[in-house]
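Notes follow once the structure below has been shown.
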Protein chains: 2
Amino acid sequence: MTTTRPTRSDALRNRDAILDAALECLAVDPNASMADIAKAAGVGRVTVYGHFSSREQLLESVLVRTIDRSEAELAELDLEGDPLAALDRLVRRSWRIVDTFHRLLGAAEESLSNDRIIAHHAEPMARVRALIERGQREGVMRRDLSAEWLTSCFTALLHAAAGELRAGRLAEADADQVVAATVVSLLTARVA
Amino acid sequence: MTTTRPTRSDALRNRDAILDAALECLAVDPNASMADIAKAAGVGRVTVYGHFSSREQLLESVLVRTIDRSEAELAELDLEGDPLAALDRLVRRSWRIVDTFHRLLGAAEESLSNDRIIAHHAEPMARVRALIERGQREGVMRRDLSAEWLTSCFTALLHAAAGELRAGRLAEADADQVVAATVVSLLTARVA
DNA sequence: AATAACCCGTACACCAGTGTTCGAGATCGG
DNA sequence: CCGATCTCGAACACTGGTGTACGGGTTATT
């Protein structure tokens with residue numbers, strides 16, 4: 001009884017399938033039920049509760065996994081050097097994941113006690129804002145609007161792009177280029 | 001029995017109070033319950049059902065009233081002449097109401113059978129898009145991005161402004177100026 | 001002042017989602 | 001192949017929201 005068997009492989013596979021399904025379902029409909037998620041994962045509803053004790057904990061697990069992935073994705077990103085080039089890299093690399101994370105957060109909204117999640121929501125935004133402030137100081141980004149507001153515009157445009165992509169009004173191939181061009185041009189615009 | 005009394009005045013007042021409360025509640029929380037709305041209106045829950053046979057119909061009534069108000073607000077607006085000046089006028093006049101309407105729509109989402117609502121959702125967007133296309137033709141607005149995408153950016157920025165205002169990160173006094181400047185500069189930006 | 005219209009609270013039936021329990025059966029791992 | 005682990009469906013209690021019914025009390029209108 002001192003030694004315990006390792007978790008069975010099919011259980012691990014199911015756990016992953018549930019997380020995948022949850023991510024997909026919640027991105028479409030923030031109120032997707034446990035039954036919906038279970039069905040999408042090809043698993044019985046009870047099995048879901050076998051892996052996650054509650055809806056809230058499932059949400060949290062999905063969020064944590066998404067955070068981990070996004071950190072891995074962004075870790076290697078270099079934000080030094082020319083602020084505009086850095087912004088371009090940042091946008092292209094992060095706009096999709098930022099949007100899915102945002103949608104997940106919207107789904108969680110009324111629960112959310114995990115500090116790590118809250119922290120890792122604010123942190124990337126702070127990074128963007130710092131980059132914008134640097135761009136302003138170095139004179140390559142506009143100063144007539146506050147860095148705070150410009151940061152908000154930044155995210156708004158990312159989400160708009162993701163929405164247009166989902167709606168099929170923006171072609172997959174163009175998306176990166178379009179969103180980057182839009183954001184950069186907004187931040188460098190000179191008032192007439 | 002042929003002549004019927006006119007609706008009592010207090011009933012009309014209550015009906016209005018309910019619509020006001022619904023608008024306010026749903027703007028904050030799209031899932032606000034009938035009980036929440038009734039309480040906010042200072043009225044019993046049953047009274048609400050006396051005026052609106054179902055939640056869905058209440059939603060619809062709120063939407064219709066909002067549409068009427070926004071039409072009245074925008075009717076006198078002149079979109080002719082210099083496209084940039086017209087855009088500036090349009091933004092300043094409409095961004096608040098566009099946002100509340102959008103939030104109401106989000107609350108309704110799963111119901112919505114009324115054609116008039118759907119129509120009056122698409123129509124203002126079409127007007128914006130037409131204005132942008134004219135601006136592009138006349139050479140005062142950028143052509144490197146599609147009018148469709150720029151329209152989407154337009155709305156995204158309006159909603160961002162409304163959100164920042166709600167969050168207290170944007171001062172009431174600055175808001176009009178900021179959102180107009182942002183939108184206009186994005187649409188007139190020249191690619192480097 | 002009379003009366004119809006309205007408000008209110010309580011109570012109820014109903015539905016959908018959550019989370020739990022149970023036992024039978026499938027499946028992985030040693 | 002044996003056993004522990006996992007899955008599954010059905011059933012259940014519980015919660016919160018919706019919509020309805022009723023009866024006593026209030027208020028506007030005539």
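The basis for the numbers below is simple: all heavy atoms, side chains too, and nothing from hydrogens, waters or symmetry mates. Note on naming: letters A, B, ... go to the chains in the order of the sequence lines (proteins, then strands), and numbering restarts at 1 for each one.
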Got a salt bridge between B:Glu76 and B:Arg89, using NZ or NE/NH1/NH2 to carboxylate O under 4.0 Å? no
C:dC7 OP1/OP2 closer than 4.0 Å to side-chain N/O of B:Asn14: yes
For atom CD1 of B:Ile37 and atom P of D:dG19, their distance in whole Å: 11 Å
Atom CZ of B:Arg8 to atom C1' of C:dT3: distance rounded to whole Å? 11 Å
Rounded to the nearest Å, what distance is computed from the CZ atom of residue A:Phe52 to the P atom of nucleotide C:dG17? 20 Å
Consider the side chain of A:Arg55, meaning its heavy atoms from C-beta on, and name the nucleotide among D:dC6, D:dT20, C:dT18 that approaches it most closely. C:dT18
Hydrogens and angles aside, do B:Arg142 and A:Ser185 bring a side-chain donor and acceptor to less than 3.5 Å of each other? yes
Is any side-chain N or O of A:Thr47 closer than 4.0 Å to OP1 or OP2 of D:dC8? yes
On the nucleotide D:dA4, are OP1 or OP2 found under 4.0 Å from the side-chain N or O atoms that A:Arg5 carries? no
OP1 or OP2 of D:dT29 under 4.0 Å from side-chain N/O of B:Ser9: yes
Pair of N/O donor and acceptor under 3.5 Å linking D:dG17 base with B:Arg45 side chain: no
Using a 6.0 Å cut-off, check whether atom CD of A:Glu24 has over 12 heavy atoms from anything other than its own residue. no
How close or far is atom P of D:dG19 from atom CD of B:Gln57, stated in whole angstroms? 10 Å
Calculate the interatomic distance between B:Arg13 atom CZ and D:dA28 atom P; express it in whole Å. 7 Å
Over how many whole Å does the gap from A:Leu12 atom CG to D:dC6 atom P extend? 9 Å
So, B:Thr151 side chain and B:Ala147 main chain: donor-acceptor pair closer than 3.5 Å or not? yes
If I take atom OH in residue B:Tyr49 and atom P in nucleotide C:dC14, what distance separates them, rounded to the nearest angstrom? 16 Å
Among the nucleotides D:dG17, D:dT20, C:dT18, whichever has the atom closest to the side chain of B:Val46 is D:dT20
Check this for me, if you would: do A:Asp82 and A:Arg134 make a salt bridge, where the nitrogen-to-carboxylate-oxygen distance has to be below 4.0 angstrom? no
Taking the nucleotide of DNA chain C with the nearest heavy atom to each, does A:Asn31 or A:Asp10 sit closer to the 5' end? A:Asn31
What is the separation between atom CD on B:Glu56 and atom C1' on D:dT18, rounded to the nearest whole Å? 13 Å
Would you kindly compare A:Gly50 and B:Asp36 by the position of their nearest DNA chain D nucleotide and give the one closer to the 5′ end? A:Gly50
Sorted by position of nearest nucleotide on DNA chain D, 5' first, the leading residue of A:Pro6 and B:Ala35 is A:Pro6
Below 4.0 Å: OP1/OP2 of C:dC6 and any side-chain N or O of B:His51: no
